[in-house]
Number of protein chains: 2
Amino acid sequence: MAQMLTQTLKTEAINTQIGGKIAPARPVSDQFGAIAGHAGLVATEFSYRKDEEIYGEDEPAEYVYQVVSGAVRSYKLLSDGRRQIGAFHLPGDVFGLEPGQTHRLAAEAIIATSVRLVERASLERVAGTDVQVARKLWAMTAGELRHAEDHMLLLGRKTAMERVATFLLEMDRRLAVANMMALPMCRRDIGDYLGLTLETVSRALSQLHAKGILGFSGARQIVLRNRQHLHNLDA
Amino acid sequence: MAQMLTQTLKTEAINTQIGGKIAPARPVSDQFGAIAGHAGLVATEFSYRKDEEIYGEDEPAEYVYQVVSGAVRSYKLLSDGRRQIGAFHLPGDVFGLEPGQTHRLAAEAIIATSVRLVERASLERVAGTDVQVARKLWAMTAGELRHAEDHMLLLGRKTAMERVATFLLEMDRRLAVANMMALPMCRRDIGDYLGLTLETVSRALSQLHAKGILGFSGARQIVLRNRQHLHNLDA
DNA sequence: CGTCCATTTGAGGTGGATCAACCCTAGTGG
DNA sequence: CCACTAGGGTTGATCCACCTCAAATGGACG
């Protein structure tokens with residue numbers, strides 16, 4: 001976070017800002033608003049360039065983040081460079097929330113991304129006096145756990161085609177606008193999320209394209225033409 | 001939980017019981033005690049036979065459980081029967097804790113198991129007035145999330161041998177007594193936990209045995225003779 | 001001591017990985 | 001405005017780690 005000082009930085013009392021638009025592509029319950037509608041909580045805006053690190057694995061968890069625009073990947077690495085992406089964070093999503101002292105995964109901007117952030121310490125302070133806030137933090141962590149549990153099933157037991165079908169339905173749900181989704185991430189990111197190689201992801205997408213189940217307009221602009229078929233593949 | 005009425009059932013005020021021994025094989029911070037040292041919270045003891053279901057996937061989350069003795073598997077199924085075990089719960093562990101209305105995974109006793117349980121509703125009630133309890137619940141869910149994140153890396157990116165090595169080190173840490181671990185689960189359970197077949201698990205164990213890295217005294221009694229080697233394999 | 005299930009071991013098949021071109025397109029500079 | 005380039009994406013050929021199917025072995029328990 002050292003380079004933060006060298007970049008544009010905007011700080012303001014959160015309760016003058018939260019409640020306004022935060023630019024998600026679709027209606028999203030504003031999780032940050034729910035936890036941050038409190039005097040004394042200060043939110044800061046910050047931006048990252050494509051592929052810039054937001055925090056590293058096992059780094060002290062100083063801030064909690066919300067994506068305003070762009071996209072973020074959270075991941076773990078093995079010593080030889082193998083990577084597992086645990087989650088993609090899209091506009092509206094909160095990430096980096098930890099009750100412990102350190103981040104369990106690293107986080108990087110996938111594309112140019114701006115975030116809102118608050119100090120973990122101040123959030124903890126508020127949670128220490130307001131049970132509603134404490135409850136909300138618990139619920140957010142539980143939401144992440146639910147996603148992780150679903151993803152373990154995918155990684156441990158689904159075939160390549162089932163994984164890709166599940167991925168497409170997830171992204172369709174989370175970022176499709178007017179029936180079209182604009183994926184921010186490359187094939188390698190998708191592979192590292194699904195426990196596959198980028199070639200296998202590409203082949204699965206080509207197969208779905210050949211069957212007319214999806215349409216492309218550019219490799220990252222996808223229209224789902226047959227969600228039911230994908231749901232069936234998804235097992 | 002209907003069959004509960006047909007079995008031995010013992011209820012008592014939790015603060016007369018918690019704080020005493022709960023029979024974990026090793027010193028464990030008593031998570032249940034920390035959340036339950038409150039007037040009005042009632043803990044019930046209950047037992048399950050080998051392979052008995054404790055709750056099903058998507059069933060209402062009526063109780064929160066702590067293993068007193070025995071072992072439990074939490075898992076998800078695909079429609080065709082493929083199974084992913086998300087976690088094993090051993091003496092001292094809390095499981096079935098959900099801020100939502102339903103259980104995200106099913107739970108079964110692996111062997112004869114006894115648990116202590118409290119109503120989720122009463123726990124929530126206490127959490128609604130006591131921030132310390134609320135904080136503890138959050139921390140427990142975050143602990144499960146951490147495990148799930150580590151396990152995603154294993155399922156998505158580790159080789160069969162690395163998975164088995166990681167499993168052995170985890171079980172050694174959690175249930176070894178006098179340098180020996182008595183695994184409660186069969187090879188199929190291990191495979192469904194690691195995203196492998198039971199045959200692949202068996203072959204990996206045989207290989208480690210042949211190299212002298214572990215010793216057997218019966219298929220489920222294992223002694224680790226070279227933890228460093230396992231840590232290296234674990235990548 | 002026999003039965004039954006868990007485990008091991010073997011033989012062979014295969015889904016996805018790896019290695020290798022090639023292609024497409026967005027961005028760059030002339 | 002277009003040629004050039006680089007990085008991302010696709011496709012093909014081959015390989016191999018793990019799965020599947022099958023059989024033998026072992027151990028726990030009546």
Side-chain angles (χ1 to χ4, degrees), chain A residues 49-51 71 73 78 80-84 110-112 154-168 182-211 214-222 233 235, chain B residues 49-51 71 73 78 80-84 110-112 154-168 182-211 214-222 233 235:
Chain A
R49 290 178 304 274
K50 176 170 149 68
D51 295 325
R73 54 182 173 251
L78 292 174
D80 63 358
R82 280 173 288 172
R83 181 178 67 158
Q84 178 63 43
I110 295 174
I111 54 178
L154 177 148
L155 293 171
R157 290 304 183 209
K158 290 188 183 179
T159 66
M161 185 55 82
E162 288 166 350
R163 294 178 201 211
V164 171
T166 305
F167 171 77
L168 288 169
L183 298 178
M185 72 289 285
C186 65
R187 298 293 188 262
R188 177 175 298 277
D189 286 343
I190 299 172
D192 285 351
Y193 180 59
L194 300 179
L196 301 171
T197 59
L198 64 92
E199 292 94 331
T200 299
V201 172
S202 178
R203 279 185 246 270
L205 290 173
S206 295
Q207 232 176 300
L208 293 171
H209 186 219
K211 285 189 188 169
L214 59 80
F216 282 114
S217 39
R220 299 190 188 182
Q221 299 273 334
I222 298 180
L233 285 178
Chain B
R49 290 177 305 273
K50 176 170 149 67
D51 296 324
R73 55 182 172 251
L78 292 173
D80 63 358
R82 280 172 289 172
R83 182 178 67 159
Q84 178 62 45
I110 296 174
I111 54 178
L154 178 150
L155 293 171
R157 290 304 183 210
K158 290 188 184 180
T159 66
M161 185 55 82
E162 289 167 349
R163 294 179 201 209
V164 170
T166 304
F167 171 78
L168 288 170
L183 297 177
M185 72 290 285
C186 65
R187 298 292 187 265
R188 177 175 298 278
D189 286 343
I190 299 172
D192 285 352
Y193 180 58
L194 299 179
L196 301 171
T197 60
L198 65 93
E199 292 94 333
T200 298
V201 172
S202 177
R203 278 184 247 271
L205 291 173
S206 295
Q207 230 176 300
L208 293 171
H209 186 219
K211 285 189 188 170
L214 59 80
F216 281 113
S217 40
R220 299 191 189 181
Q221 301 272 336
I222 299 181
L233 285 178

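In what follows, every chain begins at residue 1, and chains take the letters A, B, ... in the order their sequences are listed. No hydrogens, no waters, no symmetry mates; every other heavy atom, side chains included, goes into these values.
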Find the distance A:Glu199:CD to D:dT14:C1' and express it as a whole number of Å.
13 Å
Specify the separation, in whole Å, of atom CZ of A:Arg188 and atom P of C:dG16.
19 Å
Is A:Thr197 near enough to C:dG16 that one of its side-chain N or O atoms lies under 4.0 angstrom from OP1 or OP2?
no
Can you identify which nucleotide, out of D:dC18, D:dG9, C:dG16, has its nearest atom closest to the B:Ala160 side chain?
D:dC18
Rounded to whole Å, how long is the line connecting atom CD1 of B:Ile111 with atom P of D:dA28?
15 Å
So, under a plain 3.5 Å distance rule, would you say the side chain of A:Arg187 forms a donor-acceptor pair with the base of D:dT11?
no
Does the base of C:dG10 carry an N or O that pairs as donor and acceptor with the side chain of B:Arg203 under 3.5 Å?
yes
Need one value for B:Leu205: base, sugar-phosphate or nothing, where a base atom within 4.0 Å counts as base even if backbone is also close, heavy atoms only.
nothing
Taking 4.0 Å as the cut-off, does a side-chain nitrogen or oxygen of B:Arg220 come that near to OP1 or OP2 on C:dT7?
yes
Does A:Asp51 come within less than 4.0 Å of A:Arg73, counting only side-chain N to carboxylate O?
yes
Ionic contact status for A:Arg187 with A:Asp192, cut-off 4.0 Å
no
For C:dG16, does OP1 or OP2 lie under 4.0 Å from any side-chain N or O of A:Thr200?
no
Does B:Arg188 pair with B:Glu199 as a salt bridge, N-O distance under 4.0 Å?
no
With a non-hydrogen cut-off below 4.0 angstrom, is B:Gly195 in contact with a base, only sugar-phosphate, or nothing?
sugar-phosphate
Between C:dT25 atom C1' and A:Gln221 atom CD, what is the distance in whole Å?
13 Å
Would you call A:Arg83-A:Asp189 a salt bridge at under 4.0 Å N-O?
yes
Could you say whether A:Met185 or B:Thr159 is positioned toward the 5' end of DNA chain D, judged by the nucleotide with the nearest heavy atom to each?
A:Met185
I want to check one thing: is the phosphate of C:dT9, taken as OP1 and OP2, less than 4.0 Å away from some side-chain N or O of B:Ser202?
no
Let me know the distance between CG of B:Leu154 and C1' of D:dC18, rounded to the nearest Å.
15 Å
Without decimals, in angstroms, what is the distance between B:Phe216 CZ and C:dA6 P?
17 Å
Has B:Thr200 got a side-chain atom pairing as donor or acceptor with B:Leu196's backbone, closer than 3.5 angstrom?
no
Interatomic distance, A:His209 NE2 vs C:dC24 P [rounded to whole Å]
14 Å
Would you mind reading off the distance between B:Gln207 atom CD and D:dA17 atom C1', rounded to a whole angstrom?
12 Å
